[in-house]
Amino acid sequence: MRVFLTPKTLRRFEIIQSVLVPRFASFSNEQILESRCLINSILAGKSFFIHLKIKFFLVFIDFVSWIVAGNFFRKLNHAKQTRILNLFFNSPIALLRIGFWGVNTLAKLGVYGQVSFYPEIGYQQREIK
Amino acid sequence: MSEKVFDYDVVIIGSGAGGGTIAKELSPLCQKGLKVALLEWGGSFEKKHNTRNEIEMATRYYFEHGGLQTKQNDLTLAFAKAVGGTTTVYTGTSLKASASVLNRWAVPGIDLDDLNPRYEKYIQENGVHLNSPEEINENNQLFYKACKKLGYKVEQFPVNTRGCQGLGTCNLGCAVHAKQGTAAVQIPAAKKNGVDVFPFCKVEKIKDHDVLVTVSAPCFDQEPSSLAPGVYCFRASKIVLAAGALFSPILLEKSFGNRKWPALGRYFTCHPALILTGEHQRPITNFVGHPKSYYCDEFTESHRFVLETCMYFPFTLAKNICGFGEELDDLMKHYAHLQMILVLAIDEARAENRVRLGRNGMPKVFYHFSESTIQSFVKAIQESARIFFAAGVRRVHAPAMDQFFIFPFEQKKIDSLITREHFKLGKISITAAHLMGGCRMGEDPRVSVTNSWGRVHGLNHVFVADASLFPKAVEINPYLTIMALADRVAEGIKKELEGK
C-alpha cells in the first residue's frame with residue numbers, strides 16, 4: 001500500500017488543510033489521526049504519478065508563497081495564507097484551479113469524512129427499525 | 001487455451017438496469033433447456049454489509065470511490081460495481097422518456113408506442129408509486145412550495161421503493177433494500193428461472209464467441225462467486241454487453257479494435273450536475289426521508305436543465321461547496337438547516353466527448369463542456385437561488401459568484417452576482433451519475449454502433465443493452481429507459497433463439 005502522507009508531506013499538507021478547513025486546527029489527536037487515515041486510504045490505490053502530482057502541487061504552493069509573500073506558506077500569517085490559496089482557487093489558469101480543487105477536496109475529506117464529526121454538524125442518522 | 005471453458009447460449013455482461021432486465025427476460029428460456037449466464041464484476045450486497053458510513057460505502061460500492069475523473073479533470077463520474085449495478089445506489093426515481101426526447105433520438109422503431117408497454121411492465125414490476133405527503137420531508141416540500149410560488153412547473157417523482165424507512169442514504173446503497181433495483185427484483189427472478197449468476201467475474205475480453213474472464217475473491221465478507229478465483233472462458237452463441245456507458249464501449253474496443261465503428265465510445269453524455277445549498281434560519285427535516293421527491297422541468301426546453309431536490313452526506317456536500325475557510329465551516333455547521341437543489345444540465349451529444357480504452361485497461365473519458373452547457377448551468381444557478389429565497393432561506397451558497405453567500409437583501413441582484421464570468425471549470429465541483437452513449441443506436445454504421453435492436457453493426461452475435469445505446473441524453477433519470485430498451489433487446493434475442 002502506497003502511503004501519501006509521509007512525514008514530510010504531512011507537515012506541508014496539514015498546514016494548508018488547517019487554512020482550507022479551519023476546524024481541523026482544533027482537532028483532537030484522535031481526529032487528526034483519523035483525518036490522515038481517511039486521506040491515505042483514499043489515495044492508497046492511486047498511482048505513484050498521482051501521488052507525485054499532488055506532492056508537487058503542495059511544493060508549488062510553497063514556491064508561490066515565496067514569490068508572492070516572501071516566505072514559506074507555513075510562516076505566513078492567516079490572511080496571507082488565505083490570499084495565497086485564493087490565487088489558486090480563482091486562478092485564470094485551469095490547471096491551477098484543478099490542482100487546488102484536488103488539495104481542497106482532500107482537506108475536506110479529512111474533516112467531513114469523519115463519522116465522529118457528524119454530531120457536531122447535527123447529522124444524525126435515523127435508526128433502522 | 002488453458003482456462004476452463006463453460007458453454008452457454010447467452011452470456012450477459014453486467015447486472016445493472018440493462019443486464020438484470022435482459023437476464024430476467026431471457027430466463028424463461030432456461031426452462032426450455034437454454035443456458036444463460038449473468039457475469040458481474042462486483043459482488044452482492046446484503047443488508048448487513050451496509051454501515052451507512054459515507055466513505056466506507058462509497059469505497060465499497062463505487063468505482064474510484066464515486067469520483068472517476070475525466071481526462072480534463074473538471075468533472076467526476078459516479079457509477080457502481082455490484083450485483084444490480086448502479087440500480088443499487090440510485091434513488092429509485094422512475095420516469096419515462098418524453099416523446100420529444102425520443103423524436104430527438106430519431107432511431108426508427110424507438111418511440112413511445114414501442115416503449116410504453118415496456119415502461120409499464122417495469123413500473124408494475126418495481127412497484128413504482130408516488131410517496132404520500134407525510135413521507136415527504138421539508139427539504140422537498142420547501143422546494144415544491146417555492147417553485148409554485150414562482151409559477152414554475154414542478155412535479156413529484158414516482159419512486160420504486162417498498163418498505164422505505166426514510167434513512168436518506170439511497171446513494172450509499174439502501175441499508176434495508178427498499179429500492180426495487182435489479183438486485184431486488186429482476187435478478188432473483190432470473191435466478192429462480194435458472195440463470196447462472198457469477199459475481200466477482202471481471203470480463204477481460206471477447207474473442208469471437210468466447211468471453212474471457214477473471215474471477216476474484218471478495219474484498220470483505222460478501223458471498224464469493226461459485227467459481228474459484230482464476231481465469232475462465234464462457235463460450236456463447238450470443239453475447240450481451242450491459243456493462244454501462246463506460247465499460248461496454250471499451251470492451252468492444254479492447255475486443256474488436258476501434259476501427260470497425262467510427263462512433264464507438266463517442267457521443268458520450270452524462271447530465272453533468274451541481275449541488276446548491278440554501279440555509280434556513282432553523283433546522284429543517286432534510287437528511288431523513290426520501291431525498292428526492294420533486295423536480296422542476298420548467299427550463300428543460302428553453303435553457304436545457306432540470307432542477308431536482310436532493311440531500312447529500314457531509315463529505316459529498318463539503319466537496320461540492322465552492323470555496324474554503326471559515327465560511328465553509330460555518331455553512332457545514334448548519335448542515336441540519338440546509339435545503340439542497342441538484343442541477344442537471346442536459347448536455348448535447350458531441351462526437352468529441354468520448355470514452356476510450358486507457359493504458360491500464362480502464363475507461364478514459366474525454367469530456368469538454370460546451371458553452372451552451374455552461375450557460376445552462378449559470379441560468380440554473382440563478383433560478384435555484386430564486387427558488388431558495390422563495391423558500392425563505394437566510395442565505396444561499398452558489399458557485400459562479402465572487403462571494404460565498406448571497407443574502408435576501410441581494411435577491412434583486414442575482415443575475416449580476418451569478419454570472420458566466422464567474423463560472424470557472426475546475427473551480428466548481430461538477431459530477432455526473434447518468435452516463436450515456438458510446439454505443440449509440442442507429443441505422444447508419446458511420447454514426448452509430450448498434451441497430452435499434454441493440455445488435456452491434458457487423459457482429460451478428462454481439463448485442464448492447466445499457467445506457468450506452470442512448471444516441472443523445474435522455475433528459476431525465478435514465479434507469480427506466482435502460483430497462484425498456486433492454487426489454488426490446490431481449491425480445492429480439494428471444495425471437496432468434498426460439499426460432500433456432
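All figures in this text were calculated on a predicted structure; none of them were measured in a lab. Proteins come first, then strands; the chains are lettered A, B, ... in the order of their sequence lines, and each starts at number 1.
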S.K.: Measure distances from B:Thr316 to the heavy atoms of chain A and classify the residue's part below 4.5 Å as side chain, backbone, both or neither.
M.R.: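 Neither part, no heavy atoms under 4.5 Å.
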S.K.: Does atom CG (B:Asn360) have a neighbourhood of more than 12 heavy atoms from anything else shown, all under 6.0 Å?
M.R.: yes
S.K.: Under a 4.5 Å cutoff for heavy-atom pairs, which residue among B:Thr59, B:Leu317, B:Thr169, B:Leu425 has the most contacts with chain A?
M.R.: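 Highest number of pairs under 4.5 Å: B:Leu425.
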S.K.: For the OH atom of A:Tyr123 and the CG atom of B:Leu338, what is their distance to the nearest 0.5 Å?
M.R.: 13.0 Å
S.K.: State, to 0.1 Å, how close B:Phe315 and A:Thr105 come at their nearest heavy-atom pair, and which atoms those are.
M.R.: CE1-O, 3.6 Å
S.K.: Are more than 12 heavy atoms from other residues, nucleotides or ligands located less than 6.0 Å from atom CD of B:Glu134?
M.R.: yes
S.K.: Can you tell me if A:Arg83 has over 12 outside heavy atoms packed within less than 6.0 Å of its CZ?
M.R.: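 Counting neighbours around CZ of A:Arg83, 12 or fewer heavy atoms of other residues, nucleotides or ligands fall under 6.0 Å, so no.
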S.K.: Of all of A:His78, A:Gln124, A:Lys46, which one pairs up most often with chain B through heavy atoms under 4.5 Å apart?
M.R.: A:Gln124
S.K.: So, taking the atom named CZ in B:Arg52 and the one named CD in A:Gln125, what distance separates them when rounded to the nearest 0.5 Å?
M.R.: 4.5 Å
S.K.: Verify the neighbour count for atom CD of B:Glu371: are there more than 12 heavy atoms of other residues, nucleotides or ligands below 6.0 Å?
M.R.: yes
S.K.: Would you indicate whether the side-chain heavy atoms of B:Lys427 and A:Phe88 approach each other to under 4.5 Å?
M.R.: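 A side-chain contact is absent here, since even the closest heavy-atom pair is not under 4.5 Å.
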S.K.: Determine whether more than 12 heavy atoms belonging to other residues, nucleotides or ligands lie under 6.0 Å from atom CZ of B:Phe220.
M.R.: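 Enclosed.
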S.K.: Check whether any side-chain heavy atom of A:Lys108 lies under 4.5 Å from a side-chain heavy atom of B:Leu328, and answer yes or no.
M.R.: yes
S.K.: I'd like to verify something: which residue of B:Asp329, B:Ile321, B:Asp402, B:Asn320 has the highest number of heavy-atom pairs under 4.5 Å with chain A?
M.R.: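 When all of B:Asp329, B:Ile321, B:Asp402, B:Asn320 are compared, B:Asp329 has the most.
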S.K.: Among A:Ile128, A:Val19, A:Leu85, A:Val111, single out the residue with the greatest number of heavy-atom pairs under 4.5 Å to chain B.
M.R.: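 Ranked by contacts with chain B, first place is A:Ile128.
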S.K.: For A:Phe89, is it the side chain, the backbone, both or neither that has a heavy atom under 4.5 Å from a heavy atom of chain B?
M.R.: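 For A:Phe89, the contact with chain B is made by backbone and side chain together.
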S.K.: Is the NZ atom of A:Lys80 crowded by more than 12 outside heavy atoms at less than 6.0 Å?
M.R.: no
S.K.: Looking at NE2 of B:His65 and OG of A:Ser41, how far apart are the two atoms once the value is rounded to the nearest 0.5 Å?
M.R.: 7.0 Å
S.K.: What residue in A:Asn90, A:Asn86, A:Leu20, A:Asn104 has the most heavy-atom pairs under 4.5 Å with chain B?
M.R.: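 Between A:Asn90, A:Asn86, A:Leu20, A:Asn104, the count favours A:Leu20.
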S.K.: Looking at every non-hydrogen atom in both residues, tell me the closest pair between B:Ile55 and A:Gly113 and how far apart they are.
M.R.: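 Minimum heavy-atom contact is CG1-O, 3.7 Å.
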S.K.: Measure the spacing between NZ of B:Lys424 and CD1 of A:Ile98 and express it to the nearest 0.5 Å.
M.R.: 13.0 Å
S.K.: Report the option among B:Gly168, B:Pro283, B:Ser429 that has the most heavy-atom pairs separated by less than 4.5 Å from atoms of chain A.
M.R.: B:Ser429
S.K.: On a heavy-atom basis, which atom in A:Gly122 and which in B:Ala336 lie closest, and how many Å separate them?
M.R.: O-CB, 4.0 Å
S.K.: So what's closer than 4.5 Å to chain B heavy atoms on A:Leu95: side chain, backbone, both or neither?
M.R.: neither
S.K.: If I measure from the heavy atoms of chain B, does A:Ser91 come under 4.5 Å with its side chain, its backbone, both, or neither?
M.R.: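 When you check distances to chain B, only backbone atoms of A:Ser91 fall under 4.5 Å.
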S.K.: Sort A:Gln114 into side chain, backbone, both or neither according to what part of it lies under 4.5 angstrom from a heavy atom of chain B.
M.R.: neither
S.K.: If you look at every heavy atom in B:Glu326 and A:Pro22, which pair is closest and at what distance?
M.R.: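 Distance-wise, the nearest heavy atoms are N-CG, 3.6 Å.
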S.K.: Quick one, A:Tyr118 and B:Tyr335 - any side-chain contact, counting heavy atoms below 4.5 Å?
M.R.: no
S.K.: Could you tell me which of A:Ile42, A:Leu38, A:Leu96, A:Val115 has the largest number of non-hydrogen atom pairs under 4.5 Å with chain B?
M.R.: A:Ile42
S.K.: Identify which part of B:Glu64 has an atom lying under 4.5 Å from any heavy atom of chain A, answering side chain, backbone, both or neither.
M.R.: side chain
S.K.: Does the side chain of B:Met332 come within less than 4.5 Å of A:Val21's, by heavy atoms?
M.R.: no
